[in-house]
Undergrad: 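Structure provided below as structure tokens; questions to follow.
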Amino acid sequence: MIAPRALLRAAAVALALSGGAAGAAAADVPVLAVVSQTAATVTFLPMAPGGEKGEEVKIGEAPAAIGVGPDGRSLYVTHPDLGRVTLLDAVTRRITSIFQVKGQPFGVAATDEHLYVSDWSRNRVHRLDVATGALTGEVEVGKSPAALVMTKSGARAYVANRESDSVSIVDLKTMTATGEIKVGRAPFALALAPDERRLYVANVQSGDLSVIDLESGQELKRVPVGRMPYGVAPTPDGTQVAVTNQQDGAVALVDVKTFEVRAKVKVGQYPEGIWLAPDAKTAAVANWFDDSVSLINLATAKELGRVTVPAGPRYLAALAP
């Protein structure tokens, strides 16, 4: 189902991508890069009036996570089953490089100089030269590292260790593990609060959200959120956290002051990746089994509509100018 014109207009935010095959005439329209695992594509989906169909780029078999470089146009897509990372230019919509990586690369984050990739099978984080893909360092973390998130300064990363029920803290300058924080069962996704004082971790098997105080390195709370939470994102104003729950087909909205779920929003089947607009009014959710992206009004806790995308969407990222 294509979201109605008025609903997509309501979803428009002040994040833009200028240039590119489909973007030059719509510089004021936010664009999401949606990774579809089954279809092996990245879809550039404009959140624009009229529900325009996104431009699809074939990316290679079994793509997983996606990261955006500091320039807002360099995209990094991991392929755990192929042992590689595909680099894609979001403006030209072309593949620029393919890096072969040891093990099963999954989570990814980038600076101007380095690409950091979690290795699911070898329990490590690799540091690659962002221009050549050459390995420049690595550090051992917990078992089955999934998502990783990097601080704004690029000095530190936090890694969700699914089979260790923990989060590793990594000093990216020295490539050393400086700590490990126990969380719920099978942590998979994680996100930093806007002020970087807290870390939010979605625990798949225990069905809860770990709230970590980063100054003390202690878990403050585990908030029950639903069945199989697989994605997490705080609102830019820091007042709430949105968590996708696969088996519930819903997004839980958690109040960060009360540590309580204030609402649940029904979306498509098996939601995973989630993105929140800078104005804290709208969310976009990738529905893995529904081949769609849901748009949510965060204030009313209602689904606005769905946009059809290629088969198996799992992760998405917003492009910045």
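From a predicted model like this one, the values you see are computed outputs, not experimental measurements.
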Undergrad: Run the numbers on R127 and L115 for side-chain contact (heavy atoms from CB on, under 4.5 Å), then give the verdict.
TA: CA-CA 6 Å; R127 184 181 65 197; L115 188 65; over 6 Å; no
Undergrad: Restricting to side chain to side chain contact (heavy atoms under 4.5 Å, CB included), what partner residues turn up for L87, sequence neighbours left out?
TA: Y76, V85, T96, S97, F99
Undergrad: Which is it for V241 and T235 under the side-chain contact (heavy atoms from CB on, under 4.5 Å) test, yes or no, and what are the steps along the way?
TA: CA-CA 6 Å; V241 180; T235 55; over 6 Å; no
Undergrad: Excluding sequence neighbours, so at least two apart, what forms side-chain hydrogen bond (donor to acceptor under 3.5 Å, both in side chains) with R185?
TA: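 Counting only residues at least two positions away or on another chain, R185 forms no side-chain hydrogen bond (donor to acceptor under 3.5 Å, both in side chains).
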Undergrad: Any chance you could lay out the side-chain contact (heavy atoms from CB on, under 4.5 Å) test for N287 and Q269, step after step, and finish with the verdict?
TA: CA-CA 6 Å; N287 301 310; Q269 298 180 57; 5.9 Å; no
Undergrad: Applying salt bridge (charged side-chain N to carboxylate O under 4.0 Å, His left out), which residue pairs with at least one partner in residues 98-123 are found, sequence neighbours left out?
TA: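 Applying salt bridge (charged side-chain N to carboxylate O under 4.0 Å, His left out) to every pair that reaches into residues 98-123, excluding sequence neighbours, yields D119-R122, R122-E138.
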Undergrad: To the closest 0.5 Å, what do you measure between CH2 (W120) and CD (Q104)?
TA: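 Between W120 CH2 and Q104 CD, I get 8.5 Å after rounding to 0.5 Å.
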Undergrad: Honestly curious: do V225 and M228 fall in one hydrophobic cluster under the side-chain, below-4.5 Å linking rule?
TA: no
Undergrad: Flag the pair E180 / V167 as yes when at least one side-chain heavy-atom distance between them is below 4.5 Å, and no otherwise.
TA: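 No. Closest side-chain heavy atoms not under 4.5 Å.
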Undergrad: Quick check on side chain to side chain contact (heavy atoms under 4.5 Å, CB included): which of T78, V68, L75 does V108 satisfy it with?
TA: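 One option only clears the test, and that one is T78.
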Undergrad: Taking only residues two or more places apart in sequence, or in another chain, which ones meet R156 in a salt bridge (charged side-chain N to carboxylate O under 4.0 Å, His left out)?
TA: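 Partners of R156 under the salt bridge (charged side-chain N to carboxylate O under 4.0 Å, His left out) test: none.
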Undergrad: Supply the atom-to-atom distance L295 CG to R306 CZ, rounded to the nearest 0.5 angstrom.
TA: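 Rounded to the nearest 0.5 Å, the CG-CZ separation comes out at 10.5 Å.
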Undergrad: For residues L128 and I95: do they belong to one hydrophobic cluster (side chain heavy atoms under 4.5 Å, members Ile, Leu, Val, Met, Phe, Trp, Tyr)?
TA: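 Unlinked, L128 and I95 end up in two clusters.
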Undergrad: To the nearest 0.5 Å, what is the distance between CD (E61) and CG (D81)?
TA: 9.0 Å
Undergrad: Surrounding NZ of K264 (heavy atoms of other residues, nucleotides or ligands, distance under 6.0 Å), is the total greater than 12?
TA: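 Yes, because the 6.0 Å sphere around NZ of K264 holds more than 12 heavy atoms from other groups.
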Undergrad: If I take atom CD1 from residue I296 and atom CG from residue L304, how far apart are they, to the nearest 0.5 angstrom?
TA: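 Rounded to the nearest 0.5 Å, the CD1-CG separation comes out at 8.5 Å.
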Undergrad: Would you confirm whether N297, through its side chain, and A299, through its main-chain N or O, come within 3.5 Å as a donor-acceptor pair?
TA: yes
Undergrad: If you look at every heavy atom in G142 and P145, which pair is closest and at what distance?
TA: O-CD, 3.5 Å
Undergrad: Examine V101 and V130 and state if one hydrophobic cluster contains both, with Ile, Leu, Val, Met, Phe, Trp and Tyr joined whenever side-chain heavy atoms are less than 4.5 Å apart.
TA: yes
Undergrad: Please determine whether residues L319 and V35 belong to a single hydrophobic cluster, defined as Ile, Leu, Val, Met, Phe, Trp and Tyr linked transitively by side-chain heavy-atom distances below 4.5 Å.
TA: yes
Undergrad: May I ask you to check whether over 12 heavy atoms, not counting those of R94, lie within 6.0 Å of atom CZ?
TA: no
Undergrad: At what distance, to the nearest 0.5 angstrom, does CG of L276 lie from CG of L298?
TA: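 Rounded to the nearest 0.5 Å, the CG-CG separation comes out at 5.0 Å.
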Undergrad: Counting distance only, does the side-chain N/O of D129 pair as donor-acceptor with the main-chain N or O of T132 below 3.5 Å?
TA: yes
Undergrad: Under the side-chain hydrogen bond (donor to acceptor under 3.5 Å, both in side chains) rule, collect the residues that match up with T43, sequence neighbours excluded.
TA: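 Residues passing side-chain hydrogen bond (donor to acceptor under 3.5 Å, both in side chains) with T43: none at all.
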Undergrad: Which residue pairs pass the ring-ring contact (aromatic ring centres under 6.0 Å, His included) test with at least one member in residues 159-190, sequence neighbours excluded?
TA: F106-F188, F188-Y230
Undergrad: Listed by chain and number, what are the side-chain hydrogen bond (donor to acceptor under 3.5 Å, both in side chains) partners of Y315, not counting sequence neighbours?
TA: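 For Y315, the residues satisfying side-chain hydrogen bond (donor to acceptor under 3.5 Å, both in side chains) (neighbours in sequence not counted) are E272.
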Undergrad: Would you confirm whether R227, through its side chain, and Q247, through its main-chain N or O, come within 3.5 Å as a donor-acceptor pair?
TA: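 Yes, because the side chain of R227 sits within donor-acceptor range (under 3.5 Å) of the backbone of Q247.
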Undergrad: Please name the pair of heavy atoms, one in P46 and one in G54, separated by the smallest distance, quoted to 0.1 Å.
TA: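 So the two residues come closest at CD-CA, 4.1 Å.
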Undergrad: So, S166 side chain and I181 main chain: donor-acceptor pair closer than 3.5 Å or not?
TA: no
Undergrad: Tell me whether K152 contacts the main-chain N or O of D195 through its side chain, where contact means a donor paired with an acceptor under 3.5 Å.
TA: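 Judged by distance alone, no pair lies under 3.5 Å.
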Undergrad: Just by modelled atom types, is the A147 backbone N or O under 3.5 Å from a matching donor or acceptor in the S118 side chain?
TA: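 Side chain of S118 to backbone of A147: no pair is present.
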Undergrad: Assigning hydrophobic clusters by single linkage (Ile, Leu, Val, Met, Phe, Trp, Tyr; side-chain heavy-atom cutoff under 4.5 Å), is V117 placed with M175?
TA: no
Undergrad: Under the 3.5 angstrom rule, does the side chain of N245 hit a backbone N or O of D248 as a donor-acceptor pair?
TA: no
Undergrad: Can you give each donor-acceptor pair under 3.5 Å made by side-chain atoms of residues 249-261, sequence neighbours left out, with the distance rounded to 0.1 Å?
TA:
residue, atom, partner, partner atom, Å
D255, OD1, K257, N, 2.8
D255, OD1, T258, N, 3.2
T258, OG1, E260, N, 3.4

Undergrad: Are there more than 12 heavy atoms of other residues, nucleotides or ligands under 6.0 Å from atom NZ of K182?
TA: yes
Undergrad: Side-chain donor-acceptor pair under 3.5 Å between E196 and T151, yes or no?
TA: no
Undergrad: Show your reasoning for whether side-chain contact (heavy atoms from CB on, under 4.5 Å) applies to L214 and R198.
TA: CA-CA 5 Å; L214 292 178; R198 288 181 177 177; 5.7 Å; no
Undergrad: Going by salt bridge (charged side-chain N to carboxylate O under 4.0 Å, His left out), name the residues that satisfy it together with D171, two or more places apart in sequence or in a different chain.
TA: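 Partners of D171 by the salt bridge (charged side-chain N to carboxylate O under 4.0 Å, His left out) criterion come out as none, since no residue qualifies.
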Undergrad: Tell me, please, which residues at least two apart from T38 pass side-chain hydrogen bond (donor to acceptor under 3.5 Å, both in side chains).
TA: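 T38 satisfies side-chain hydrogen bond (donor to acceptor under 3.5 Å, both in side chains) with no other residue.
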Undergrad: side-chain hydrogen bond (donor to acceptor under 3.5 Å, both in side chains), that's the test. Do Q37 and R314 meet it? Break it down for me.
TA: CA-CA 7 Å; Q37 189 173 67; R314 300 195 67 180; 3.2 Å; yes
Undergrad: Given side chains that start at C-beta, do those of L190 and L199 come closer than 4.5 Å, heavy atoms only?
TA: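 Side-chain contact under 4.5 Å: yes.
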Undergrad: For the CG atom of L209 and the OH atom of Y200, what is their distance to the nearest 0.5 Å?
TA: 8.0 Å
Undergrad: For the pair S144 (side chain) and N161 (backbone), establish whether a donor and an acceptor sit closer than 3.5 Å, ignoring hydrogens and angles.
TA: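 No; judged by distance alone, with no hydrogens or angles, the pair does not exist.
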Undergrad: Quick check: does any side chain N or O of S36 sit under 3.5 Å from a backbone N or O of T41, one acting as donor and the other as acceptor?
TA: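 Absent.
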Undergrad: Can you see which heavy atom on E303 is nearest to which on S294, and at what distance?
TA: OE2-OG, 2.6 Å
Undergrad: Closest heavy-atom contact between P63 and A40?
TA: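 So the minimum-distance heavy-atom pair works out to CD-CA, 3.8 Å.
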Undergrad: Using salt bridge (charged side-chain N to carboxylate O under 4.0 Å, His left out) as the criterion, list what pairs up with D165, not counting sequence neighbours.
TA: none
Undergrad: For residues 207-224, which residue pairs pass the salt bridge (charged side-chain N to carboxylate O under 4.0 Å, His left out) check, not counting sequence neighbours?
TA: E219-R222
Undergrad: Looking at every non-hydrogen atom in both residues, tell me the closest pair between L82 and Q100 and how far apart they are.
TA: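 Nearest pair, atom of L82 first, then Q100: O-NE2, 3.8 Å.
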Undergrad: State, to 0.1 Å, how close P229 and A202 come at their nearest heavy-atom pair, and which atoms those are.
TA: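 Heavy atoms only, the tightest pair is O-CB, 3.8 Å.
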Undergrad: Tell me whether T111 contacts the main-chain N or O of H114 through its side chain, where contact means a donor paired with an acceptor under 3.5 Å.
TA: yes
